[in-house]
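These notes are about the structure you will find just below.
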Amino acid sequence: MDWGNVTVEDLMEALREVEWSTPPRPLPEFFSRFTAPRSYSKWTSRLKCNLYYYRTNYFLLIMFILAIGFIRRPLSIVAALLTGLSLAFLNDSFAVTFNEKVTRTVRQFSPHLAAKMRPPSSPVLRGRPSKRAIHICGWPRSFFVFFFAAASCMLWFTSSSLLSVAWALVIALLATLIHASLRTPNLKARLNTFREEFRAVWRNYSEM
């Protein structure tokens, strides 16, 4: 995949559909082989490739730096968790996995209630079922996104720690940007890129 031709919208779409259960890359690999990009095109290509390949490491790095800013504001920790949940529900893999685990847990205690939590059946177009919208516990995903987002906004306003957390977030994003710009993509990153490209092509072929 030519990461220089990948737009920001393509990268966000890939991150939305990607499996986030991937464990973080080893620290010796994460902190090795730093070189300056030779051109702007090389920098953008390297940045997008590293953001996709080390996504779990960057997520943990951002959470660690934010946790330092939350030490003196315990209420802001809850607000950050709710904000993270509202953003995590935008990811298809997380939303589907969360729904399956909750439904499986409820089924052990009340099969009747678990049956009510099933998503509505998708309509059939031209003899094939259309792409079904993601539901969580029988409700549209957007309901949980807006609910947790509204609750987190109320807690952010109550804790009065938005400014300190904003500085921590800026530092975390800046650290991520610097690392992704200087980390030279290795062979594993390139092979992972080819695998994701094959999965995208195969998914498009199967939907034809």
Side-chain angles (χ1 to χ4, degrees), residues 1-74 76-94 148-149 152-153 155-156 159-197 199-200:
M1 180 183 295
D2 186 5
W3 285 93
N5 297 328
V6 176
T7 63
V8 177
E9 290 77 10
D10 295 335
L11 179 61
M12 296 302 298
E13 183 67 19
L15 293 176
R16 187 180 69 87
E17 297 181 356
V18 77
E19 295 287 343
W20 284 90
S21 58
T22 304
R25 309 296 176 181
L27 290 181
E29 175 187 345
F30 188 63
F31 293 104
S32 64
R33 296 189 61 187
F34 291 95
T35 57
R38 300 180 180 180
S39 62
Y40 176 78
S41 60
K42 292 288 185 180
W43 173 73
T44 56
S45 178
R46 175 186 298 186
L47 182 66
K48 296 171 185 177
C49 183
N50 285 333
L51 285 176
Y52 189 81
Y53 182 70
Y54 294 110
R55 56 188 179 273
T56 308
N57 296 72
Y58 292 141
F59 176 78
L60 296 177
L61 175 63
I62 293 175
M63 291 298 102
F64 175 76
I65 297 178
L66 287 177
I68 298 177
F70 295 150
I71 293 178
R72 295 186 300 175
R73 303 283 184 174
S76 63
I77 299 178
V78 182
L81 291 177
L82 294 179
T83 303
L85 277 176
S86 64
L87 295 176
F89 281 128
L90 295 176
N91 179 260
D92 296 347
S93 175
F94 179 86
F148 285 108
S152 63
C153 289
L155 289 179
W156 283 124
S159 61
S160 301
S161 59
L162 187 59
L163 183 59
S164 59
V165 173
W167 276 108
L169 181 61
V170 170
I171 295 175
L173 294 178
L174 183 60
T176 301
L177 178 63
I178 293 175
H179 182 277
S181 301
L182 300 180
R183 177 64 173 92
T184 305
N186 54 13
L187 180 59
K188 292 182 180 179
R190 295 188 178 93
L191 292 176
N192 184 78
T193 299
F194 295 148
R195 184 185 63 181
E196 295 299 332
E197 182 183 35
R199 290 176 58 185

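Starting from 1, each residue takes its place in the sequence as its number.
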Looking at every heavy atom in both Glu29 and Tyr53, which two are closest together, and how far apart are they?
OE2-OH, 3.1 Å
Would you name the heavy atoms of Leu47 and Ser181 that are closest together and state the gap between them?
CD1-OG, 3.9 Å
Over all atoms of both residues, closest heavy-atom pair of Leu51 and Tyr58
CA-CE1, 3.8 Å
Main-chain N/O of Ser32 paired to Arg183 side chain as donor or acceptor, under 3.5 Å:
yes
Can you say whether the rings of Tyr40 and Trp43 are parallel (under 30°), tilted (30 to 60°) or perpendicular (over 60°)?
tilted
Least distance between heavy atoms, Ser152 atom then Ala79 atom:
CB-O, 3.5 Å
Decide whether a cation-pi geometry holds between Arg55 and Tyr52; the criteria are a distance under 6.0 Å from NZ or CZ to the six-membered ring centre and an angle within 45° of the ring axis.
yes
Heavy-atom closest contact (Ala88 atom, Phe94 atom, distance)
O-CD2, 3.3 Å
Could you check whether any side-chain N or O of His179 sits under 3.5 Å from a backbone N or O of Asn50, counting only pairs where one atom can act as donor and the other as acceptor?
no
Do you know the tightest heavy-atom contact between Ile65 and Ala172?
CD1-CA, 3.6 Å
Atom pair CG/CG of Leu182 and Leu177 - distance to nearest 0.5 Å:
9.0 Å
May I ask you to decide if Arg33's main-chain N or O and Thr184's side chain share a donor-acceptor pair within less than 3.5 Å?
yes
